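Treat the numbers as computed from the prediction; the structure is a model and nothing was measured. Numbering of ligands and ligand atoms starts at 1, following listing order.
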Amino acid sequence: MTASSFVPDIVGIDLGTTNSLVAYWHDGAPHLIPNALGQTLTPSVVSLDDDGSVLVGLAARERLQSHPQRTIASFKRGMGTATSFRLGDRVFRAEDLSALVLRALRADVRARFGQDVDRAVITVPAYFSDAQRAATRNAGLIAGFAEVSLLNEPTAAALAYGLNERDDSQFLVFDFGGGTFDVSILELFSGVMEVRATAGDNQLGGDDVDACVERWVMDSAGLPAELMGEPVFVSKLRARCEAAKRALSSDPTARISFQHGPHLIDLTLGIDQFERLIQPVLDRLRYPVETAIRDARIGTADLSAVVLAGGSSRLPAVRQLVTRMFGQFPSASLNPDEVIALGAAVQAGLKTDAVELAERVMTDVCPYTLGIESSKQVSADRHTAGFMSPIIARNTVVPVSRVQSFQPLTADQRVISVRVYQGEARLVKDNIPLGQFDVDLPRSTDGRWPHIDVRFTYDVDGLLEVEATPKLGEQAAGPSRRLVIQNSAERLSDEQVAERLQALSSLKMHPRERMEVRALLARAERLFMQLALDERERLGHEITRFELDLESQDPRRIAQGQAGLQRLVQLCEADSPLGV
Ligand code: AMP
């Protein structure tokens, strides 16, 4: 088979908070697929263009500042919740927006191979709850994939690294992204890659680092708190603070300088002060690491490597922290932005039984404890509810199925409520509720108490099924009931997927082949807004001229105009006193 005729059966997708990537397995290695701009990183940003078409990726990200009401980023944080996002006059859920990103990636795959690939492995943070996982799978189906399987992000990073690791080693993946932090400890033994422990914080990421800088800017510049209610100001502030943070990964100082109405902000942030500002975030990174090490029952000296993933692991302070915690320098042989997508491609290879991976087997774990609420007898005549009764302990190898029996509080109780939770806390109020349902209890005729058997089944995609069966002795005594997951993120039926697919299909996607031009115009418009009034004229003139070139539909004229505008944009960006 030649490379050009090869079409993979499955693609691997890193659906990130900040960026998304798609890759495939071929000839013994994972390969990334470029988007229409020739880049492998597609910003996970969706914007409604002025003509009503949907923009995904860089062009959309450029519009975050110029059109904040028509552009949405970081929606992954809303996955599996009922949160809605307004885009122009339409309202979307996070899974619809994710489906639009996945559709754009699917188009890139089609452009690369000349046909669709219908199966996908999509990565999710290990700490994603059941509802968040179900929402991710739904997004894949709504995007038109016929089959979607899920893979924990740190496991994906480990798969990418594991390819190069020697057998019989243990290593830790430290995955610090835009919105989540995951730690996993893996063991590679006789070709079997086993996740020993996973821990994390799904509300800790680069966004929190940015928030520290944002607060410092507000305080240092003495800005009124009301400004945080203005979307245009917030997106400007956010972009500047994020850019300053990135700059501080290589430079000793960064300038944050922009104008908003009567407010001129012009500040310089030094690396030492920046690291003091973000200390609370750095402190929070410790706990999941400690938990994972404890759960894996190893010492830091047993680790043969510490692997970094996620964009935020580029922060020098994070690298120093990792070096101090583990007494060794982290391994940085793979690009942290790409490592998860590469691992998803390895998993795609495993799923298609690629010969080069024949010796490899992967096992994963359930990252958190799953259980139901129960009551405890606190005195002779009193029961107190609200306790967490674990059924599947965290870091149990998956797939797994466990049953436990629960008794009613009194012999004549007719109904038991099964309330399902995820988390490690003693009391359910401190854990995450997943859903609940009632089970009818049979009436006992022989004085024996009825009970229910609660079965938890956790599959390799990390999706949970809960079934409760009422019983009298060993006999089933009534119909079983199943869990309905809260937040309406349950698995969609084929008809529901078709309906949502139809609804999204009515949205016109911006043509892929015109993406480069659209991204350049969006960038020029963003830059125009950032320039001072007296600096805008030439750029404004050039934008208008290029729009006329486009109308002419003359390919030569368009190419010339494009090159001209590109040069000017680069010049303005390099020259800008505002540090754009
Ligand atoms: P990810 O979710 O893995 O794409 O990571 C994105 C996060 O990494 C965002 O919060 C970015 O601001 C952050 N990030 C990307 N590059 C850098 C850098 N050079 N220094 C610090 N943070 C970065």
Does any N or O of ligand 1 fall below 3.5 Å from an N or O anywhere on [X], backbone included?
X: Asp210; result: no
X: Gly178; result: yes
X: Asp337; result: no

Starting from [atom], locate the nearest protein heavy atom and write down its residue, its atom name and how far away it is, to 0.1 Å.
atom: atom 19 (N) of ligand 1; value: Arg314 CD, 3.4 Å
atom: atom 6 (C) of ligand 1; value: Thr18 OG1, 3.1 Å
atom: atom 21 (C) of ligand 1; value: Ser249 OG, 3.4 Å
atom: atom 16 (N) of ligand 1; value: Arg246 NH1, 3.4 Å
atom: atom 11 (C) of ligand 1; value: Glu242 OE2, 3.2 Å
atom: atom 23 (C) of ligand 1; value: Gly311 O, 3.3 Å

Anything under 30° is parallel, anything over 60° is perpendicular, the rest tilted; go ahead and classify Phe233 against Phe258.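 Judged by the thresholds at 30° and 60°, the geometry between Phe233 and Phe258 is tilted.
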
contact_flag Ser312 ligand 1 heavy-atom lt 4.0 Å: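 Under 4.0 Å: yes for Ser312.
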
Which residue from Glu153, Glu338, Lys245 reaches closest to atom 13 (C) of ligand 1 through any of its heavy atoms?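 Answer by nearest heavy atom: Lys245.
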
